[in-house]
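The model shown is predicted, which means the values in this text are computed figures rather than measured ones. Atom set for the values below is all heavy atoms of this structure, side chains included, hydrogens, waters and symmetry mates excluded. We name chains A, B, ... by the order of the sequence lines, and we start the count at 1 in each one.
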Amino acid sequence: MASTSPLRFVLNDADLELTLTPDGSDPKLGRGCAGGTSVLDFVRRELRLTGTKEGCKEGDCGACTVLVGELDDGGRVRYLPVTSCLMPLAEVAGRHLVTIEGLDMGQANTVQRRIVEAGASQCGFCTPGIVVSLVAQLMDSSELESDADADCVDRSLSGHLCRCTGYRSLRDAAAASFCDLRGRQGVPRLVNAGELPEHFLGIAERLQALQAPPAEMNLDRPVVAGGTDLYVQQGEELPTREVTALRTLLPHRPELRGVRVEGGRISIGALTSFEDLAQSEVLRKRIPTITEFMHLVASWQLRNRATVGGNLINASPIGDVTILMLALGAEAVLEGQGEARVLPLRDLYKGYKVLDLRPGEILTGLSFRDVEATEFVDFEKVSKRRTLDIATVNTAARLHLRDGLIHQACLAAGGVAPIPLLLRRTSEIVRGRPIDRETLSLAVAEAQSEISPISDVRGSAGTKRLLVRNLLIAHFAKAAGMEPSDFFLPNAA
Amino acid sequence: MDHLDAEAHTRGRSRYVDDEPRPAGLLQAAVVPSPVAHGEIRSLDLTAVRDYAGVVAVLTAEDIPGSNQIGSVLPDEPLLSTGEVHYIGQPIALVVAEDFHAARHAVARARLDIDERPVVVDPKEAFERGHLIADPQSVHMGDVDAAWAQCDVVVEGEATISGQEHVYLETQRARALPEENGAIRVLSSTQSPYVGQRTIAGILGVPLHQIEVDVRRLGGGFGGKEDQATPWACFAALAAHHTGRPVEIVLSRAEDLLMTGKRHAYRSDYKIGVTRDGRILALDVRHFQNSGAACDLSLAVLGRTLFHTTNSYFIPNVRVWGAPCRTNIPPATAFRGFGGPQGMFAVESALTHAAEALGIDREELQRRNLLRSSDSFPYGQNAATVRIRRCWEELDEGFDLEATRQQVEEWNDRHPAVKKGYAVMPVTFGISFTATFLNQASALLHVYTDGSVSLSTGGVEMGQGLFSNLAVVASRALGIEPTRVRVESTNTRRIANMSASAASSTTLLNGNATLRAATPLRERLLTHAGERLGSDPSLLTIENEQLLCDGEPTGWDWPKLVKSAYLHRVSLSAHGFYATPEIHYDEARGRGHPFAYHVCGAALVEVTVDGLRGSYEIDRVRLVHDLGRPLNRRVDLGQVEGGLAQGLGWMTVEDLRYDETGRNLSAALATYKVPDVYLMPRDLEVRFIEEPDTEAGPYHAKAVGEPPLMYGLGVVFALRRALRAFGRDGQLPFVAPMTPEQVLLQLQGDDDPSRLVSKSLGTRVPVPAEAVSS
């Protein structure tokens, strides 16, 4: 791949055009500008926009949060906060990248002033990223639910670690900012209110002028969907390489993103983000807890990056969305050179991080049978930190109850085998039975024979076995409207 | 007053070391770390490293011109390995390259052949093998051995507390800039500029005046940049010395987690004796400190552990012993609390065990044994400044402890699978460096002819609000607005031989030094004004920037006063020096008066435990904290809440673990979790006691940095109360952190996971017959 490809985007108020070469150098800027270079390294190291901080390069701390704005179908620019450490430079093509410097009004805006007044900035290292997220919340034109909705405040802060304050002052600052600017959300109103620089009003036209030619699908390079785990695993190699950033395909393959109902099935494009899942009306109608679940598993910034396809292909035995999709009975759609095939998701996983994937094949989406009103879909996750952590064990269940009996069951568990595990025999053994202690006794005993957990930093094998037992009970108890403790006998016989 | 830097922080304009503009030719350095925890290097092949494109220099121990030594207390730690390695991540060679990627990629090409030796990670095992950093220390009072016979209940056990990773958001970093005549200027993210300067000078074999260390601010320190910042500053300086070019070293988070020292883990054997009416008569504790591979600050940390093993209680017969045990993990180091919390965890565990054995309420046993001001600590200092009884009463009455108890019990009666618990955590924490000589500080004050003020001290701003406090002190002393005062970077050329910013004492020491600079300068100005105005200088004051005579305006304001003094050749600069009075300690005898005063407080922590999942919520924390007269209440509140969060995190989700090969199993933020917004309770209430009862000041302010961290320990005992409500008996271990896994195992570790039988989860009411099929 000797050809050079220009990368055009808007950074803050500047139109940039980079020439990326295979060896990761730009004639003007020098090294450090490969397509795989993280946006964080690019803005900090090459452009010396040092307000964006590097705290972990794992997407855990949020200090590197920036905004990415892209044109929506209505020709408006929609801004989302992302962790710039996990985003390849190649992906900024045709988008508006905004760092803390790009929000600066020459003096403190309301969010910044409220942080100062609340004493919510101590060492200051996490602060610019937090400002970016809070401004992003205000740029989202949807109404804030109430003056200082506590859940909304926590969601805005969810992707940030602050080691100094203990968060109370940050919560106060966020709540006060949202209260101050209630009714003035959305980019145009914020600009009018003097909260955002004027140039935000002209970004849509500038982006329209940048529409890129169809991106090239080169599978010889590392392929990045959301990159939220890939960049953690390969943080040393990717930054100096060219990558194929799948999201750059989206303008020409819109079907790769979104949740749709088609012929009695739900289909989900591989590039559907976790945030898309959280906000999908199709899913919320069928699985009312989906939003809460997505908020539990990933911060706002990571939900904007992480994709369903990436989660499935990453093949982590503990992938949260993978476990859910297994329990939903999903089928994967794989595309090779000109041909597509459909494979039950459970058959995609052959061993630890080993996939039934042919050379040149990529996952483009998945689908599962529509969820009927009488069906119950549920997930459980136990991790060290309750929120935004990798699970010790996660489980999911799809239960169809009819006439007091389990008509259909599909149960899956993560963290208990080399692969994300469909509990086939356990799912089978409960069919046609009532939810009672005898059925559950059979289920937990069978489940123990299907799993093979190992001890690691997320928990001992014994802990994981206990959790599988207990989380299965939790699923069934919820389905039956009973208390989990009702199923246990108090004493060893 | 707002935090001085806060607006710049929010706009991303505050500069940390590597945010400073890059000088031409700046090189980047990275370290070749030891891949094994103990061994002898048979061969080290750096050819491929040297040959890697962009590499400028590769340095080993042989390239150190001075002394290859960074130990600040004991000389037991080389900067670069001399053939042996003692922990995974120990620096073996330094790679200096044109850019960051070249340095990192080159490091991976080092070829090492290491003859591996046995690895010890457990402090008790190290002790048994005789691997000690130094001799054990002890403190005692009364006659412990004779006291057991008078006790109605004597229990013994072990309390195990893990280490803690600092997770300062800004990782370790430094930039070295060569100057003329071999001098080097170093920008370092350090809490201890002087120790950095001294160590660099030793490494390079040059006088201290050749080395300048400058610190503008830290992106968090928490103790982790006291001694642990030094090697990185040394590496940058060493590389600059060899290449003659500016050199920067910035650790990635992964490197920082792997290579740097953390809080000490302890295993502590305790024996406690109490009477039936709830008096603690005797306490015997043997601490085994996991000191890591080198001394670092371990001996001082252990000393503070011994001083705090009776926490807030008067126990007439006490024996506390501690051994600093050498193991094959990174040298453990300072961390907010500095050994204090480990001592308190031992006594709180022992006391809780005794209360359970005695069948009385834990909080009742605590309350009955709280220190009175007429009591003495086991190390001989009287408890005159201790206000723990006052704090307890405010907590008990102000927050209605009894109501909490009733609510929790009622909930637990009604909920078989979800239980609540609560605990009170009292804290009595000594203020001062326990090494008496460190309790000294200097300040340098310049007033410019326009009335603006430049203040330098030895204190480092790391987010704790020191600079805001210092601006308040200087402006109050001079009678001017805080905005006139610029607090300068901390620099070894302006302030010599400063102590580390640590021990909660930075405002105490540097604030008082500032007063000692500002007060004579003000007096000089007033004397001058008296001469010019023909007034008695003793009647003159400066208030709100106005010169007053006997309270009446003179028509002179601050700028006029300053200008006049300048024109009449009155010095507008002053240097102040402060040494904390009346403190002393005789280590050999274990007696003395090591602390200027004690800071007290008490917290009530409430939790809800999900017995099925082992997960839990911290529902609410309410606390009373003794603040003295705050210089800046908002800054102090930030310290209290932030300290609490770090304590709660350490005791719950921060799971620092090493395997038997010495490998850190949680060396990523994906596995080492610190509190996020969701972990902290929304229901958080802090009440201050604000009384001017310490003369130490400045202006009757009390130290606030470390003590609040220890409130976090309460969560362990709150969780334990909840676990006992599930019917688990008193044989539960005392372990921190209480991860959800630990909670689950304490509840159900003896369950058979293939059966629906559980001692803790089974319903205690008969199940309807139709629901039981078997």
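Judged as a ring-ring contact (aromatic ring centres under 6.0 Å, His included), the pairs with a partner in residues 108-129 of chain A (not counting sequence neighbours) are, in order, A:F125-B:Y16.
Heavy atoms of B:N632 lying under 4.5 Å from chain A are absent altogether. Interface remark: B:L684 contributes side-chain atoms only to the contact with chain A (heavy atom separation under 4.5 Å). Heavy-atom distances place the side chain of B:L745, and not its backbone, under 4.5 Å from chain A. With a 4.5 angstrom heavy-atom cutoff, B:P737 does not touch chain A via any of its atoms. For a residue to count as touching a neighbouring chain, one of its non-hydrogen atoms must lie under 4.5 Å from one of that chain's; by this rule A:Q448 touches chain B with the side chain only. Proximity to chain A is absent for every atom of B:L648, based on heavy atoms less than 4.5 angstrom apart. Only the side chain of B:R173 comes within contact range of chain A, with at least one heavy atom under 4.5 Å from a heavy atom of that chain. Of the atoms belonging to A:T165, it is backbone heavy atoms, and not side-chain ones, that fall under 4.5 Å from chain B. Looking at B:D5, there are no atoms closer than 4.5 Å to chain A (heavy atoms on both sides), in backbone or side chain.
Side-chain contact of B:Q748 with A:N470: a donor-acceptor pair under 3.5 Å is present, judged by distance alone. Side-chain contact, B:E741 with A:T463: a donor N or O sits under 3.5 Å from an acceptor N or O. Judged purely by distance below 3.5 Å, without hydrogens or angles, the side chains of A:S121 and A:T127 pair a donor atom with an acceptor atom.
In this structure, A:K381 and A:D389 approach most closely via the heavy-atom pair NZ-O, 2.6 Å.
Taking B:L257, B:L612, B:T652 one by one and counting their heavy-atom pairs under 4.5 Å with chain A, the maximum is reached by B:L612. Highest contact tally toward chain A, considering only B:R657, B:E170, B:Q464, is held by B:E170 [criterion: heavy-atom pairs under 4.5 Å]. Counting heavy-atom pairs closer than 4.5 Å to chain B, the top residue among A:E236, A:R171, A:E237 is A:R171. Heavy-atom pairs under 4.5 Å with chain B peak, among A:T99, A:L103, A:L161, A:V232, at A:L161. Contacts with chain B were tallied for A:N109, A:L466, A:I100; A:L466 has the most, counting heavy-atom pairs under 4.5 Å. Comparing A:C61, A:G462, A:A108 by how many heavy-atom pairs each has under 4.5 Å with chain B, the most go to A:A108. The candidate from B:G221, B:A645, B:G12, B:S754 with the greatest count of non-hydrogen atom pairs under 4.5 Å with chain A is B:S754. Considering only heavy-atom pairs separated by less than 4.5 Å from chain A, the leading option among B:R15, B:H166, B:M462, B:R13 is B:H166. When A:P434, A:C123, A:G51 are compared by the number of non-hydrogen pairs under 4.5 Å with chain B, A:C123 comes out ahead. Heavy-atom pairs under 4.5 Å with chain A peak, among B:E461, B:Q646, B:R217, B:Q639, at B:Q646. Counting heavy-atom pairs closer than 4.5 Å to chain B, the top residue among A:R385, A:Q112, A:R465, A:R44 is A:R385. Counting heavy-atom pairs closer than 4.5 Å to chain A, the top-ranked of the candidates B:V674, B:L744, B:T739 is B:V674.
When the side-chain hydrogen bond (donor to acceptor under 3.5 Å, both in side chains) test is applied to A:T50, no partner is found at least two apart in sequence or on another chain.
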Could you walk me through whether A:E58 and B:R253 pass salt bridge (Lys or Arg N to Asp or Glu O under 4.0 Å), step by step? CA-CA 9 Å; A:E58 295 179 65; B:R253 179 62 61 185; over 6 Å; no
Full working for side chain to side chain donor-acceptor pair (under 3.5 Å) between B:H9 and B:S14: CA-CA 5 Å; B:H9 289 346; B:S14 297; 2.7 Å; yes
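A cation-pi arrangement, defined by a distance under 6.0 Å to the six-membered ring centre and an angle within 45 degrees of its axis, is absent between A:K57 and A:Y231. Geometrically, A:R163 does not engage B:Y168 in a cation-pi contact, judged by NZ or CZ lying under 6.0 Å from the ring centre and within 45° of the ring axis.
Within 6.0 Å of CZ on B:R682 lie more than 12 heavy atoms contributed by other residues, nucleotides or ligands. Within a 6.0 Å sphere centred on CZ of B:R663, other residues, nucleotides and ligands contribute 12 heavy atoms or fewer.
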